[in-house]
Structures are given as structure tokens and as C-alpha cells.
Amino acid sequence: MKNIDFEKLLRYLMIFAILVFLTLLSIVNFFPDFAYDFYDLNPGSEHGQNNFITYPSAFYLFSIYICFRYLGSNDLKYIDTLIIFCVLIAFMRTVGIITSGLYVTPFTILAFIPEYLGGPILIYIKKMVERQSN
């Protein structure tokens with residue numbers, strides 16, 4: 001593991017995350033029919049579509065912003081923010097599973113795995129970057 005440049009790995013991971021969040025942001029905003037099926041969500045007729053676009057988009061835009069802030073500064077406080085975000089999402093996902101049950105769909109496979117692994121992976125890579133910096 002000594003040959004791995006974890007700082008570079010983290011930078012590539014942030015670039016990948018930006019691309020993923022941009023893709024999700026595009027799907028939610030420009031392909032709502034696909035997004036409704038993918039997220040298994042049926043918004044109400046009054047303001048449901050507005051909420052559907054607003055909340056996921058805010059999540060994706062905030063994540064993109066934090067990734068860019070890290071790329072521009074190499075300051076690990078932005079990775080700490082992403083870690084906290086990942087932990088909160090995993091916690092709320094667990095609450096959702098407990099209260100609503102678990103249904104396995106393509107969304108479950110594509111979303112739940114990164115949501116649960118995102119925090120631990122970022123923690124590990126951050127520790128490796130700190131270790132290489134010393």
C-alpha cells in the first residue's frame with residue numbers, strides 16, 4: 001500500500017463524484033419520467049414535481065460544490081464535510097428501511113451500496129492522505 005498516492009486517489013475520486021452528481025442532477029432535472037421510475041417516486045399534483053427537482057438537486061449541487069472546493073484547495077476539511085454527509089445519508093437511509101421496509105430495485109443496488117460505503121471509504125482514504133503527508 002506504500003506505492004499508492006492516496007492524495008491523488010482522493011482527487012480522482014472527487015472528479016468521479018462530480019461526474020456522478022452531475023449525471024444525477026441532469027436525470028432529475030431533464031429526464032423526470034426516467035427519474036420517477038428510477039427513484040420509485042410519484043410526486044403529488046400540487047408541488048410534488050417542484051419538490052422532486054429541488055431536494056435531490058440541492059443535495060447533488062452541494063456535493064459537487066464540496067468536491068470542487070477540495071479540488072481547489074486540497075483541504076481535508078471538505079472531505080470531512082463529505083464524510084458527515086455520507087454518514088447522515090446512511091443513517092437516514094437506515095431509518096427509511098426500518099420504517100418503510102426494503103424493496104430491491106435497480107435504484108437499491110445503485111444507490112444504497114455507495115451510500116453505505118461512501119463514509120468508510122472516504123475515512124480510510126483521508127487517513128492514508130494524512131499519513132502520507134507526515
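Note: hydrogens, waters and symmetry copies are ignored here, and every other heavy atom, side chains too, is used. Counting begins at 1 with the first residue of the sequence.
Counting heavy atoms from C-beta outward, Ile79 and Ile125 have side chains that stay 4.5 Å or more apart. For the pair Val129/Asn74, no side-chain contact is recorded, criterion being any heavy-atom separation below 4.5 Å from C-beta on. Contact of the Thr94 side chain with the Glu115 side chain is not registered, since no non-hydrogen atoms from C-beta on lie closer than 4.5 Å. A 4.5 Å side-chain heavy-atom check between Pro56 and Asn29 finds every atom pair outside the cut-off. At least one side-chain heavy atom of Ile64 sits under 4.5 Å from a side-chain heavy atom of Phe68.
The same ILVMFWY cluster, assembled from side-chain heavy atoms under 4.5 Å apart, contains both Leu110 and Phe34. Put simply, Tyr60 and Ile113 are part of the same group of oily side chains (I, L, V, M, F, W, Y) that touch within less than 4.5 Å, one to the next. Ile27 and Ile109 end up in the same hydrophobic cluster when Ile, Leu, Val, Met, Phe, Trp and Tyr side chains are linked at under 4.5 Å. Put simply, Ile123 and Ile84 are part of two different groups of oily side chains (I, L, V, M, F, W, Y) that touch within less than 4.5 Å, one to the next. Under a hydrophobic-cluster definition in which Ile, Leu, Val, Met, Phe, Trp and Tyr are linked whenever side-chain heavy atoms come within less than 4.5 Å, directly or via other members, Tyr55 and Phe91 are assigned to different clusters.
For Glu7, there are no salt bridge (Lys or Arg N to Asp or Glu O under 4.0 Å) partners at least two apart in sequence or on another chain.
Note that CG of Leu71 and CG of Leu10 are 8.5 Å apart. Values are rounded to the nearest 0.5 Å. With values rounded to the nearest 0.5 angstrom, Ser63 atom OG is found 4.5 Å from Phe85 atom CZ. Remark: Ile15 CD1 to Arg11 CZ distance equals 6.5 Å, nearest 0.5 Å. For the atom pair Leu25 CG and Leu61 CG, the distance stands at 5.0 Å (nearest 0.5 Å). In this structure, Leu19 CG and Leu24 CG are separated by 11.0 Å, a value rounded to the nearest 0.5 Å.
Of all the heavy atoms in Cys86 and Gly119, the pair that sits closest is CB-N, 3.5 Å.
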ask   = Could you go step by step and tell me if Tyr70 and Ile66 meet the side chain to side chain contact (heavy atoms under 4.5 Å, CB included) rule?
value = CA-CA 6 Å; Tyr70 173 75; Ile66 294 299; 5.8 Å; no
request  = Apply side-chain hydrogen bond (donor to acceptor under 3.5 Å, both in side chains) to the pair Ser26 and Thr23, showing each step before the final yes or no.
outcome  = CA-CA 5 Å; Ser26 298; Thr23 301; over 6 Å; no
key: Stepwise side chain to side chain contact (heavy atoms under 4.5 Å, CB included) test for Leu9 and Met128   = CA-CA 10 Å; Leu9 176 64; Met128 293 297 109; over 6 Å; no
request  = Please step through side chain to side chain contact (heavy atoms under 4.5 Å, CB included) for the pair Asp75 and Arg69, ending with a clear verdict.
outcome  = CA-CA 8 Å; Asp75 191 339; Arg69 293 296 298 188; over 6 Å; no
Full working for side chain to side chain contact (heavy atoms under 4.5 Å, CB included) between Ile89 and Phe59 = CA-CA 10 Å; Ile89 289 169; Phe59 164 74; 2.9 Å; yes
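Between Tyr116 and Phe112, the two ring planes are perpendicular [angle over 60°; tilted spans 30° to 60°].
With a 6.0 Å radius and a threshold of 12 heavy atoms from other residues, nucleotides or ligands, Phe107 has its CZ atom above the threshold.
Between Phe62 and Phe21, the ring centre distance reaches or exceeds 6.0 Å.
In this structure, Ser100 contributes its side chain and Ile97 its backbone to no donor-acceptor pair below 3.5 Å.
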